[in-house]
Enquirer: 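If you scroll down you'll find the structure; I have some questions about it.
Since the model is a prediction, treat every value here as computed from it, not as a measurement.
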Amino acid sequence: MSLRFHNQRTKQVDEFTPQAEGQVSLYTCGPTVYDYPHVGNWSGYVYWDILIRVLQANNLNVTRVMNITDVGHLVSDADDGEDKLEKGARREGKTAWEIAAFYTDDFMKGIERLGLIMPTHITKATDYIEQQLDLVRILKEKGFTYEIDDGIYFDTAKFPSYDDFADLNLEAQKAGARVEFNPEKRNHSDFALWKFTPEGETRDMEWETPADLINDNETRQGFPGWHLECSAMAMSLLGNTLDLHTGGIDHVPVHHTNEIAQSEAASGVQFSNYWLHNNHLKVNGTKISKSLGNGITLDDIEAKGYDVLDFRLFVLQSHYRTEGNFTYENLDAAKNRRLNWRSVAALRHQTHDTLRDDNEKSTDEKSVSLYAASQALVETLSNDLDTPEAFKIIDDAFSRILGASVDDIHQHAFTGFIETIDELLGLQLIKTTPDIDDDIKRLIVERERARDNKDWSQADTLRSEIEKSGITVRDTANGSIWEYVA
RNA sequence: GGCGCGUUGGCGGAGCAGUUACGCAGCGGUCUGCAAAACCGCGUAGAUGGGUGCAACUCCCAUACGUGCCUCCA
């Protein structure tokens, strides 16, 4: 079995080989906790959840770090020392610390709602201030930094391969730039490692800048630049070279480019061997943005009567490197597909282990080797997380299940297949398809008896009775089958 | 102004130079006590114009439209 991923570092699909056999170190850029995440944010985390599951299915032990950005993420063009957290605090009349705590908590709940596997470490930027300052110190000692009025900056001109990762054309960008940049900066692409709190201001979140990092000896309060945290946390927990680093496609030209520059300038070795990026989700054909107010949240989805698992399935229908488009019409299609899959999964309660095993059944035209389908799922997903193709495999297998007589389905193998789907895709088909209770089973048997006696009115009465429990019955040549009422 | 990407049937969404993607929705039929399911079939997809191939949705060029980045962004 082999794993392949599209690697932004090499711009091609590469065979994946971890540094240490059987072990994978992985860093995922997490949220900035200043507001509720929207469907676009979540789609990325859903895809990286599949990545974890696929790595584990390949018998790899994953150590994963995800950060919580709770400081230092500057808003747009305002170069006035304000960051997203401080702004959010003003908006809601709270402190930046309270804002961070509230939305961090909300994010953690979202992880559970979507059934995402919890990272090994979830780290807050504010818990790693020391490590970030250490990194600044190393970069300063190596001559990569310079100080200007509002902070300590990284001199990108001293890192010659700066534009390789994103294939940037810095000269062209500079020539065509529409936004004024800080004239004190030496290069347009230079970025702040550490920002100083402006004179006369006090921030909710600020720390004393160590004297050895400042040119003159006066004490200055400050806070970390946004890019610094990821490098500091990744390297302190996972080492100087990671196996995998993931994030949104928007991070390629700035955030990840800067992470690479500052990390490799400090350590002298490659920061990450593989870089994976998820494409964005649009809403109704346009980019999701605060100003447009189209940032649909998990709560919005549920308020419209959908399950968050419908959204999860919707996301996985398209490949992670393809741009998606969220509309409620499309969510409807995903919901219907999930309900259909659920009906199939519920069939396992109505099958039995028979004398014939799964392999024997696979030789039967009408049957299907579910063991082979499980294998195919793992292999398909190992090929750059090909979820659309995985869905096809599931649909193929399910349609053969539906076409087969219940007596021809091997319960153990069938349940195993559903479990494999859940392990790989997290759709919770087992959990969402509980068996029916004995009272309903009795009614079903009673109804079958009525049918045998051709007592149709009694049979219909019993079916109505059964439907009060959210279960409906359909009749096949081999007996009655129950399903959940949609 | 600079740099890039996309355009597949009603909707979503894949692979592939020559065979049905798949799903959701729709229509017709078979089956059936009813209902449903299942199965079969249908709608002659590939933005437009050229080019290279025996052969192009699938490669190349151009045009149109859409969209992203260059400023924070998953």
Side-chain angles (χ1 to χ4, degrees), chain A residues 28-32 34 37-48 69 73-79 83-84 87 166-181 188-189 226 246-255 277-282 285-291 295 313-314 316-320 322-327 329-341 343 347 386-396 398-405 450-451 454-457 459-460 463-464 467 472-477 480-481 483 485:
Chain A
T28 299
C29 280
T32 300
Y34 69 109
H38 53 64
V39 286
N41 300 122
W42 285 120
S43 74
Y45 300 118
V46 168
Y47 286 125
W48 304 137
T69 297
H73 201 156
L74 297 178
V75 294
S76 69
D77 51 352
D79 221 8
D83 73 23
K84 290 188 173 187
K87 188 179 182 183
D167 285 331
L168 296 176
N169 183 343
L170 292 175
E171 282 308 310
Q173 282 194 3
K174 187 175 178 181
R178 280 192 253 185
V179 178
E180 288 288 310
F181 66 95
H188 187 201
S189 53
W226 173 47
T246 69
I249 194 172
D250 51 291
H251 282 156
V252 173
V254 181
H255 183 53
H277 295 96
N278 63 286
N279 208 321
H280 280 182
L281 191 62
K282 295 180 177 182
T286 51
K287 155 183 176 168
I288 301 174
S289 78
K290 271 275 178 293
S291 54
L313 190 144
F314 161 80
L316 297 179
Q317 285 188 125
S318 55
H319 189 86
Y320 78 97
T322 305
E323 189 171 69
N325 186 24
F326 180 94
T327 64
E329 188 187 6
N330 295 339
L331 191 59
D332 268 333
K335 176 183 182 176
N336 289 336
R337 192 179 205 176
R338 190 177 72 86
L339 293 179
N340 290 341
W341 282 13
S343 294
L347 275 177
D386 193 348
T387 53
E389 184 67 21
F391 274 34
K392 182 184 170 183
I393 291 171
I394 294 169
D395 280 319
D396 282 352
F398 278 8
S399 103
R400 290 162 80 187
I401 292 279
L402 285 173
S405 156
R451 290 187 70 241
K454 299 200 187 304
D455 186 349
W456 308 128
S457 70
D460 291 348
R463 178 158 53 203
S464 307
E467 282 180 0
T472 187
V473 181
R474 61 182 171 87
D475 303 317
T476 75
S480 300
I481 289 183
E483 291 180 338
V485 177

Enquirer: Quick one, A:Arg337 and A:Asp395 - any side-chain contact, counting heavy atoms below 4.5 Å?
Expert: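 The answer is yes, as the side chains (C-beta and beyond) meet within the 4.5 Å cut-off.
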Enquirer: Less than 4.5 Å apart, side chain to side chain, heavy atoms only: is that true for A:His280 and A:Asp250?
Expert: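 With C-beta onward as the side chain, the pair touches.
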Enquirer: The side chain of A:Asn330 lies closest to which of these nucleotides: B:rC11, B:rA74, B:rG33?
Expert: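 Ranking B:rC11, B:rA74, B:rG33 by closest atom to the A:Asn330 side chain puts B:rC11 first.
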Enquirer: For A:Ser318 and A:Tyr47, what are the C-alpha separation, side-chain angles and deciding distance, and is it a side-chain contact (heavy atoms from CB on, under 4.5 Å)?
Expert: CA-CA 10 Å; A:Ser318 55; A:Tyr47 286 125; 3.5 Å; yes
Enquirer: When all nucleic acid strands are considered with a 4.0 Å heavy-atom cut-off, which category describes A:Ile288: base, sugar-phosphate, or nothing?
Expert: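 Base, at least one base heavy atom under 4.0 Å.
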Enquirer: Any heavy-atom pair between the side chains of A:Thr387 and A:Tyr320 that's under 4.5 Å?
Expert: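 No; the side chains remain at least 4.5 Å from each other.
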Enquirer: Can you work out whether A:Phe314 or A:Glu483 has the more 5'-proximal nearest nucleotide on RNA chain B?
Expert: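 Nearest nucleotide further toward 5': that of A:Phe314.
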Enquirer: Nearest whole Å is fine: how far is B:rC22 C1' from A:Phe398 CZ?
Expert: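 Spelled out: CZ on A:Phe398 to C1' on B:rC22 is 14 Å.
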Enquirer: CG of A:Asn279 versus C1' of B:rG13: gap in Å, rounded?
Expert: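 The distance from CG of A:Asn279 to C1' of B:rG13 comes to 14 Å, rounded to the nearest Å.
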Enquirer: Just to be sure I understand the geometry, which residues of residues 387-394 of chain A put a non-hydrogen atom under 4.0 Å away from RNA chain B?
Expert: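 Those residues whose heavy atoms fall under 4.0 Å from RNA chain B, taken from residues 387-394 of chain A in numerical order, are A:Lys392.
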Enquirer: Looking at every non-hydrogen atom in both residues, tell me the closest pair between A:Val46 and A:Leu316 and how far apart they are.
Expert: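 Looking at all heavy atoms of both residues, the closest pair is CG1-CD2, 3.7 Å.
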Enquirer: Of the non-hydrogen atoms in A:Ser480 and A:Asp475, which two are nearest, and what is the gap between them?
Expert: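 That closest heavy-atom pairing would be OG-OD1, 2.9 Å.
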Enquirer: Compare all side-chain heavy atoms of A:Leu313 with those of A:Phe391 and state whether any distance is below 4.5 angstrom.
Expert: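 Yes, close enough: below the 4.5 Å cut-off.
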Enquirer: Nearest heavy-atom pair of A:Ala459 and A:Ala450: which atoms, and what distance?
Expert: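 Looking at all heavy atoms of both residues, the shortest contact is N-CB, 4.1 Å.
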Enquirer: Looking only at heavy atoms, which two atoms of A:Gln317 and A:Pro388 are closest? And how far apart?
Expert: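 In terms of heavy atoms, the two residues are closest at O-CG, 3.5 Å.
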Enquirer: Can you tell me, in whole Å, how much space there is between the P of B:rG28 and that of B:rG43?
Expert: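 After rounding to an integer number of Å, I get 15 Å for this pair.
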Enquirer: Taking the same atom, P, in B:rA14 and in B:rA47, what whole-Å distance lies between them?
Expert: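 Looking at atom P only, B:rA14 and B:rA47 are 15 Å apart.
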Enquirer: Using whole Å, what does the distance between atom C1' of nucleotide B:rG2 and atom NE2 of A:His188 come to?
Expert: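 Computing the A:His188:NE2 to B:rG2:C1' distance gives 12 Å.
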Enquirer: With a 3.5 Å cut-off and no angle check, do the side chains of A:Thr472 and A:Glu467 form a donor-acceptor pair?
Expert: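 Per modelled atom types, A:Thr472 and A:Glu467 side chains form a pair under 3.5 Å.
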Enquirer: Tell me whether the side-chain N or O atoms of A:Asp460 pair up with the base of B:rG33 as donor and acceptor below 3.5 Å, since no angle test is needed here.
Expert: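 Checked by distance alone, the answer is yes.
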Enquirer: Taking the C1' atom of each, how far is B:rG46 from B:rU20, in whole Å?
Expert: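 To the nearest whole Å, 16 Å.
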Enquirer: Using a 4.0 Å cut-off on protein heavy atoms (strictly under), produce a 5'-to-3' string for nucleotides 26-31 of chain B with B for base contact, S for backbone-only sugar-phosphate contact, and - for none.
Expert: ------
Enquirer: Tell me what A:Gly248 touches on the nucleic acid: a base, only sugar-phosphate, or nothing, going by heavy atoms under 4.0 Å.
Expert: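 The residue A:Gly248 makes sugar-phosphate contact but no base contact.
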Enquirer: Please give the nucleotide sitting opposite B:rU71 as a Watson-Crick or G-U wobble pair, both distances under 3.5 Å, or none.
Expert: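 WC or wobble partner does not exist here.
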Enquirer: How many Å lie between CG on A:Leu347 and P on B:rA38, as a whole number?
Expert: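 Value for this atom pair: 10 Å.
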Enquirer: For a quick check of understanding: with a heavy-atom distance under 4.0 Å over all strands, which category does A:Ser318 fall into, base, sugar-phosphate or nothing?
Expert: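 It contacts sugar-phosphate atoms only.
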Enquirer: As a test of reading the structure: which of B:rA74, B:rA37, B:rC34 is closest to the side chain of A:Arg474, going by heavy atoms?
Expert: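 Selected nucleotide: B:rA37.
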Enquirer: If we only count heavy atoms from C-beta on, is the A:Leu281 to A:Phe314 side-chain gap below 4.5 Å?
Expert: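 In short, these two side chains touch, coming nearer than 4.5 Å.
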Enquirer: Sort out the partner of B:rU48 for me: Watson-Crick or G-U wobble, both distances under 3.5 Å, none otherwise.
Expert: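 With both distances under 3.5 Å, B:rU48 matches B:rA62.
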Enquirer: P atom, B:rA21 versus B:rU58: distance in rounded Å?
Expert: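 The same atom, P, in both gives a distance of 16 Å.
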Enquirer: B:rA38 pairs with which nucleotide, Watson-Crick or G-U wobble, both distances below 3.5 Å?
Expert: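 B:rU30 is the nucleotide pairing with B:rA38.
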Enquirer: A:Ile249 and A:His277: which non-hydrogen atoms are nearest, and at how many Å?
Expert: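 Residues A:Ile249 and A:His277, closest heavy atoms: CA-CB, 3.9 Å.
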Enquirer: Counting the atoms with a prime plus P, OP1 and OP2 as sugar-phosphate, which does A:His277 contact under 4.0 Å by heavy atoms, base, sugar-phosphate, or nothing?
Expert: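 It contacts nothing in the nucleic acid.
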Enquirer: Just name whichever nucleotide pairs with B:rC11, Watson-Crick or G-U, keeping both distances under 3.5 Å, else none.
Expert: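 When the pairing criteria are applied, B:rG23 turns out to be the nucleotide that pairs with B:rC11.
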Enquirer: When the P atoms of B:rC54 and B:rC11 are considered, how many whole Å apart are they?
Expert: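 Those two atoms are separated by 37 Å.
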Enquirer: Syn or anti for B:rG53, taking syn as within 90° of 0?
Expert: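 Chi for B:rG53 falls in the syn range.
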Enquirer: If we take the P atom in both B:rU30 and B:rA35, what is their distance in whole Å?
Expert: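 Pairwise P distance, B:rU30 against B:rA35, rounds to 14 Å.
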Enquirer: Categorize A:Val252 for me: base, sugar-phosphate, or nothing, with a 4.0 angstrom heavy-atom threshold over every strand shown.
Expert: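 Counting heavy atoms under 4.0 Å across all strands, no contact is made by A:Val252.
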Enquirer: Got A:Trp42 and A:Pro31 here, is their nearest side-chain heavy-atom distance under 4.5 Å?
Expert: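 Side-chain contact under 4.5 Å: no.
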Enquirer: I want to confirm an ordering. Mapping A:Thr322 and A:Pro31 to their closest nucleotides on RNA chain B, which one lands closer to the 5' end?
Expert: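 Its nearest nucleotide lies further toward 5', so the answer is A:Thr322.
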Enquirer: Do A:His280 and the base of B:rA74 stack face to face, with centres under 5.5 Å apart and an angle between planes under 30°?
Expert: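 Per 5.5 Å and 30° rule: yes, stacked.
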Enquirer: Indicate yes or no: does A:Asp460 engage A:Arg463 in a salt bridge with an N to O separation below 4.0 Å.
Expert: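 A salt bridge links A:Asp460 with A:Arg463.
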Enquirer: Counting only side-chain nitrogens and oxygens, does A:Lys287 get under 4.0 Å of the OP1 or OP2 atom of B:rC69?
Expert: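 Checking B:rC69 against A:Lys287, a side-chain N or O does come within under 4.0 Å of OP1 or OP2.
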Enquirer: What distance, rounded to whole Å, do you find between the two P atoms, one in B:rC60 and one in B:rG2?
Expert: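 The answer is 24 Å between these two P atoms.
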Enquirer: For atom C1', what is the distance between B:rA45 and B:rG23, given to the nearest Å?
Expert: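 It works out to 16 Å between them.
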Enquirer: Between the protein and nucleotides 23-25 of chain B, which nitrogen or oxygen pairs come in under 3.5 angstrom?
Expert:
unit_1, atom_1, unit_2, atom_2, d
B:rG23, O4', A:Arg337, NH2, 3.2
B:rG23, O2', A:Arg337, NE, 3.1
B:rC24, OP1, A:Asn340, ND2, 2.5
B:rC24, O3', A:Asn336, ND2, 3.3

Enquirer: Using whole Å, report how far CZ of A:Arg400 lies from P of B:rA37.
Expert: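 To the nearest whole Å, that distance equals 22 Å.
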Enquirer: For A:Phe326 and B:rG13, give me the distance from atom CZ to atom P, rounded to whole Å.
Expert: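 The distance from CZ of A:Phe326 to P of B:rG13 comes to 13 Å, rounded to the nearest Å.
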Enquirer: Quickly work out the A:Lys282 NZ to B:rA74 P distance and round it to whole Å.
Expert: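 Distance, rounded to whole Å: 18 Å.
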Enquirer: Specify the separation, in whole Å, of atom CG of A:Leu313 and atom C1' of B:rG13.
Expert: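 Roughly 12 Å, once rounded to whole Å.
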Enquirer: Shortest non-hydrogen contact from A:Lys282 to A:Glu323?
Expert: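 Here A:Lys282 and A:Glu323 meet closest at CE-OE1, 2.9 Å.
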Enquirer: Name the pairing partner of B:rC16, where a pair is Watson-Crick or G-U wobble with both distances under 3.5 Å, or state none.
Expert: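 Its partner: none found.
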Enquirer: Which part of the nucleic acid, if any, lies within contact of A:Gly247, taking any heavy atom under 4.0 Å across all strands shown: a base, the sugar-phosphate backbone alone, or nothing?
Expert: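 Answer is sugar-phosphate: A:Gly247 comes under 4.0 Å of backbone atoms only.
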